[in-house]
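The model shown is predicted, which means the values in this text are computed figures rather than measured ones. The first residue of the sequence shown is numbered 1, and numbering continues consecutively from there.
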Amino acid sequence: MAVTEYIDESFSELTGVEKNTFSFLRLFNVLLDNDRETKFLNIFRSYLSNDSIFSDISFFETYEVSNGEYWDNVSYNLYGTSYLWWVIALLNNISNPFEELEDGQLLNVLREDYVYQLTSDLEKIAED
């Protein structure tokens, strides 16, 4: 599949399925294939966080993984929802979130106070 262009339709406009504010799918643009009929999301697109974002430590804290935790557990423990696991994975440049977390592993996490701002900004991006 080769991409010819981004299209203006959103995921919900194409599928009729409304994604919640926390959905990882909001990060991906809808693309059009060369055949100009097939629409798809490039879910394999990589996102890497720039280390300079951690220079302002007031936005972030460190979280130590406990025995047997997975991304959704960490998200729930920090934010009260398991849906924001991808934010933690993104901030730690994790390319395969299906790999197990190690006991004692330190993760950079967004402080809970700033999660609402992040989700609001993502909604604005998704509308554009």
Side-chain angles (χ1 to χ4, degrees):
M1 261 188 218
V3 178
T4 57
E5 62 189 85
Y6 296 107
I7 60 175
D8 291 333
E9 294 171 279
S10 69
F11 179 86
S12 57
E13 290 170 331
L14 288 172
T15 64
V17 176
E18 192 63 40
K19 301 313 290 172
N20 71 30
T21 301
F22 305 121
S23 176
F24 186 54
L25 290 176
R26 288 181 168 270
L27 287 177
F28 303 102
N29 293 321
V30 178
L31 306 172
L32 188 63
D33 194 9
N34 276 340
D35 66 11
R36 308 205 48 79
E37 292 179 20
T38 305
K39 298 172 184 174
F40 64 97
L41 298 175
N42 182 6
I43 62 170
F44 299 105
R45 178 178 175 183
S46 295
Y47 287 90
L48 296 175
S49 60
N50 185 329
D51 288 337
S52 67
I53 67 169
F54 299 110
S55 62
D56 188 345
I57 60 171
S58 65
F59 295 118
F60 303 97
E61 59 188 338
T62 303
Y63 181 88
E64 185 174 349
V65 176
S66 297
N67 190 17
E69 282 187 302
Y70 288 92
W71 294 106
D72 56 343
N73 302 117
V74 173
S75 174
Y76 187 82
N77 291 338
L78 289 167
Y79 309 127
T81 178
S82 58
Y83 294 123
L84 290 172
W85 64 268
W86 58 270
V87 173
I88 304 162
L90 181 66
L91 288 175
N92 289 279
N93 291 329
I94 302 300
S95 58
N96 183 0
F98 300 106
E99 291 180 5
E100 291 185 25
L101 295 170
E102 296 177 22
D103 188 31
Q105 182 176 351
L106 295 178
L107 300 173
N108 292 314
V109 296
L110 185 63
R111 292 184 188 274
E112 185 178 13
D113 301 349
Y114 299 103
V115 171
Y116 175 76
Q117 183 62 48
L118 171 71
T119 56
S120 295
D121 289 348
L122 286 175
E123 283 181 338
K124 290 174 189 169
I125 291 168
E127 291 171 0
D128 289 342

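- Taken together through direct or relayed side-chain contacts under 4.5 Å among Ile, Leu, Val, Met, Phe, Trp and Tyr, Trp85 and Leu106 form parts of separate hydrophobic clusters.
- In this structure, Asn108 contributes its side chain and Asn92 its backbone to no donor-acceptor pair below 3.5 Å.
- Taking Tyr70 as the reference, nothing meets the ring pair (Phe, Tyr, Trp, His ring centres under 6.0 Å) condition, with sequence neighbours excluded.
- When every heavy atom of Leu84 is checked against every heavy atom of Ser75, the shortest pair comes out as N-OG, 3.2 Å.
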Verdict with supporting geometry, Phe60 and Leu110, side chain to side chain contact (heavy atoms under 4.5 Å, CB included): CA-CA 5 Å; Phe60 303 97; Leu110 185 63; 4.0 Å; yes
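- Judged purely by atom type and a 3.5 angstrom limit, Trp71 uses its side chain to pair as donor or acceptor with the backbone of Pro97.
- In this structure, CG on Leu101 lies 6.0 Å from CG on Leu107, to the nearest 0.5 angstrom.
- For Asp72, there are no side chain to side chain donor-acceptor pair (under 3.5 Å) partners at least two apart in sequence or on another chain.
- In Gln105, the CD atom is crowded: over 12 heavy atoms of neighbouring residues, nucleotides or ligands sit closer than 6.0 Å.
- By the neighbour-count criterion of 12 heavy atoms within 6.0 Å, atom OH of Tyr76 is sparsely surrounded, having that number or fewer from other residues, nucleotides or ligands.
- Residues Val115 and Val87 have side chains not in contact (no heavy-atom distance under 4.5 Å, counting atoms from C-beta outward).
- Considering only residues two or more places apart in sequence or on other chains, Tyr79 meets the side chain to side chain donor-acceptor pair (under 3.5 Å) condition with none of them.
- Of all heavy-atom pairs spanning Ile88 and Leu78, the tightest one is CD1-CD1, 4.0 Å.
- Applying the salt bridge (Lys or Arg N to Asp or Glu O under 4.0 Å) test to every pair with at least one member in residues 105-120, sequence neighbours left out, gives these pairs: Glu61-Arg111.
- With sequence neighbours left out, Asp103 forms a side chain to side chain contact (heavy atoms under 4.5 Å, CB included) with Asn67.
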